[in-house]
Amino acid sequence: MRVRREKLSQLYDLGANPYPYGFDRSHSAHEILADHEQLLGKQVSVAGRLMSIRGHGKVGFGHIMDTSGRIQIYVRKDELPELDFSVFKLSDIGDIVGVTGEVFITRTGETTVKAAKFELLSKTLRPLPVVKERGEGDERVVYDQFADKELRYRQRYVDLVVNPEVRNVFVVRSRVVSYMRQFLDDLGFLEVETPVLQPIYGGASARPFVTHHNTLDMPLYLRVADELYLKRLIVGGFDGVYEISKDFRNEGMDRFHNPEFTMMEVYVAYQDYTYMMELVENLVSSIAQKIFGKTELIYQGTEIDLTPPWPRLPLFQAIEERVGINLYGKNLADLKKIASDLGLKVEPFWREGKLIDEIFSEKVEPFLIQPTFITDYPVELSPLAKRHRDDPKLVERFEPFMMGGEIGNAFSELNDPIDQRDRFLAQKKLLELGDDEAQMLDEDYLRALEYGMPPTGGLGIGIDRLVMLFADQPSIRDVIFFPQMRPEKPTE
RNA sequence: GAGGGUAUAGCUCAGCCGGUAGAGCAGCGGCCUUUUAAGCCGUGGGCCGAAGGUUCGAUUCCUUCUACCCUCACCA
């Protein structure tokens, strides 16, 4: 770094401005490579980060990288102003530069810009980890990777510069969200925003983050879900609303969980959960269609076929197929015995719903690789879902599973205010029993339901997990720019 | 929370059975007017994660701590 600062003052001495105000680009690197036949001999301007330098005395080569890709540049002492050549000589890998000159093809056949002007656009003071590559495609060997995962997550800006495939993950992420938005807009749904800071949290079983508002002198919770506010908007008369936003859950972190994560929730009046199933499979498969041009993809070496319709499998049937026991109607003692016979560590305070859920997550979920809707959950697991039309012990709920994990949650929304109050009261009991994830009773939400909510289908989809699928990434940290980390130790 | 792993140069890593460190790349200086992991010559660079212990002597063995990674648990 000291050396770079010296170079900086040398640049000032030469009369060069290491931090100018702009640069007019005529082409991106990719455009020049793609159009090189038309552009041969023509003047172009490109700008980007200098990723390699090969000096040869009075000549030099280098590659500059912009968002679109890399292009080689060629600098000859006798073909550009003396100042520019001196500036080139003082350049380091990582510097941001602009080059103007004509396109030609080198002896070795690479399309290259021969500099008539070489301008420094921003001098770097920290050395960039240098990645060198040799070969193409499968033969490609990368040297000196910026490989330390911790550093890559902490200094994502460096990761993005040095590891181009990382940038692509986030391009995919952006496209997934944008196609999703387009899909929902095309259905005529309204994108809305609801409070992140909530006096009462609800809509999911999860521990919240708590904060405090000074003026009102009251605790506020960061939302764990958007659900209850979006349904208030359905009460208010919108036929379809959706929100794409961050939710916050004060829970553990692993490759499927980050304390803040992105959720899409959509609510549609006059529809039920069967409509939402079709919506999910059409939404996901159409995103695949737009990204890959087909509805199959490879995730971590396994082919996943997203072509609708996806199988619908009732929860109890799914368990029975895997475990060989039908858990429906079993009492608490039976369930405990079955669970421990299956090798699960049973906690004494678990109730029927929790036991069924545990058996399912342990024995069935990991095997749900291909997209599958698991349907019809026990009522005690789902305080906001409407009872099943054929069986009051179940609710009309489904979760889409794939890659051995859940990517969403949906139901026919409970709009009976009296039943809803009873469910809240049951949750309250759980809360008192020590279940710190049980939901709070929300009087205002009940009041909204008492004003009448139409039959409604609702759905939440975990965007991060969907992006993991589409970008073929093994961890949620790989699809979040700045995943949560412990604070850095104050060094330096 | 439990178990395992890792921590050595800017980066990636080597360093056996204890004798205070090495490679490639990057850096710096030089030569080189079509190179592409450019080449050639030269050169600087390390509190071997922290603290303690064993020992004549610790990067190496032991303990503790810290950070990160992985697996499990928790968390749908």
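Since this is a predicted model, take the numbers as computed values, not measurements. Quick note on labels: first sequence line is chain A, next is B, and so on, each numbered from 1.
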Nearest whole angstrom, please: distance from the [atom2] of [N] to the [atom1] of [X].
X        : N     : atom1 : atom2 : answer
A/Asp254 : B/C70 : CG    : C1'   : 12 Å
A/Arg207 : B/C74 : CZ    : C1'   : 7 Å
A/Met51  : B/C11 : CE    : C1'   : 13 Å
A/His63  : B/U34 : NE2   : P     : 17 Å
A/Ile407 : B/C75 : CD1   : P     : 21 Å
A/Leu90  : B/G29 : CG    : P     : 9 Å
A/Arg5   : B/C28 : CZ    : C1'   : 18 Å
A/Arg54  : B/C40 : CZ    : P     : 16 Å

Between A/Lys114 and B/U34, is there a side-chain N or O to OP1/OP2 distance below 4.0 Å?
-> no
Would you say A/Arg255 reaches B/U71's phosphate, i.e. side-chain N/O to OP1/OP2 under 4.0 Å?
-> yes
Residue mapping more 5' on RNA chain B - nearest nucleotide basis, A/Ser475 or A/Arg465 | A/Ser475
Checking side chain to side chain contact (heavy atoms under 4.5 Å, CB included) against A/Val103, which of A/Ile71, A/Val46, A/Leu39 comes through?
-> A/Leu39
Between A/Phe481 and A/Phe170, what is the ring plane arrangement, given parallel below 30°, perpendicular above 60°, and tilted in between?
-> parallel
Plane angle bin for A/Phe316 and A/Tyr328 - parallel if under 30°, tilted between 30 and 60°, otherwise perpendicular | perpendicular
Which glycosidic conformation, syn or anti, is assigned to B/C17 if syn requires a torsion within 90° of zero?
-> syn
Can you tell me, in whole Å, how much space there is between the [atom1] of [N] and that of [M]?
N     : M     : atom1 : value
B/A26 : B/A38 : P     : 7 Å
B/A9  : B/G15 : C1'   : 14 Å
B/C56 : B/G18 : P     : 15 Å
B/U8  : B/C48 : P     : 11 Å
B/A50 : B/U66 : C1'   : 7 Å
B/C41 : B/G24 : P     : 11 Å
B/A23 : B/C61 : P     : 23 Å
B/A37 : B/C25 : P     : 13 Å

Are side-chain N/O atoms of [X] and [Y] paired as donor and acceptor at under 3.5 Å?
X        : Y        : result
A/Tyr242 : A/Asp226 : no
A/Tyr267 : A/Glu265 : yes
A/Tyr153 : A/Asp478 : yes
A/Thr106 : A/Gln72  : no

Quick one: label [X] by what it contacts on the DNA or RNA (base, sugar-phosphate, nothing), any heavy atom closer than 4.0 Å.
X        : value
A/Glu399 : base
A/Asp92  : sugar-phosphate
A/Gly55  : base
A/Arg477 : sugar-phosphate
A/Thr106 : base
A/Phe104 : base
A/Leu128 : nothing
A/Ala204 : nothing

Are A/Lys393 and A/Asp391 close enough for a salt bridge, meaning some N to O gap below 4.0 Å?
-> no
Any salt bridge between A/Asp159 and A/Arg167, counting N to O under 4.0 Å?
-> no
Between the side-chain atoms of A/Glu110 and the base atoms of B/U35, is any donor-acceptor pair under 3.5 Å?
-> no
Heavy-atom donor-acceptor pair, A/Arg107 side-chain to B/U34 base, under 3.5 Å | no
Report the C-alpha separation of A/Glu110 and A/Arg70 in whole Å, then their side-chain angles, then the decisive distance to 0.1 Å, and conclude whether the salt bridge (Lys or Arg N to Asp or Glu O under 4.0 Å) test is met.
-> CA-CA 11 Å; A/Glu110 181 163 354; A/Arg70 289 177 182 226; over 6 Å; no
Would you say A/Ile319 and A/Ile325 make side-chain contact, with heavy atoms under 4.5 Å?
-> no
Between [options], which one does the side chain of [X] approach most closely?
X        : options             : value
A/Leu151 : B/C69, B/C75, B/C11 : B/C11
A/Ile93  : B/U33, B/G27, B/A73 : B/G27
A/Glu358 : B/A73, B/C74, B/C32 : B/C74
A/Phe61  : B/A73, B/C28, B/U34 : B/U34

Stems field, RNA chain B, Watson-Crick or wobble, 3.5 Å, at least 3 pairs, by first number, holds B:1-7 with B:66-72, B:10-13 with B:22-25, B:27-31 with B:39-43, B:49-53 with B:61-65
Go through residues 75-89 of chain A and report each residue with a non-hydrogen atom lying under 4.0 Å from RNA chain B, sorted by number.
-> A/Arg76, A/Asp78
The complete set of side-chain hydrogen bond (donor to acceptor under 3.5 Å, both in side chains) pairs with one or both residues in residues 33-48 of chain A, sequence neighbours excluded, reads A/Ser45-A/Thr100
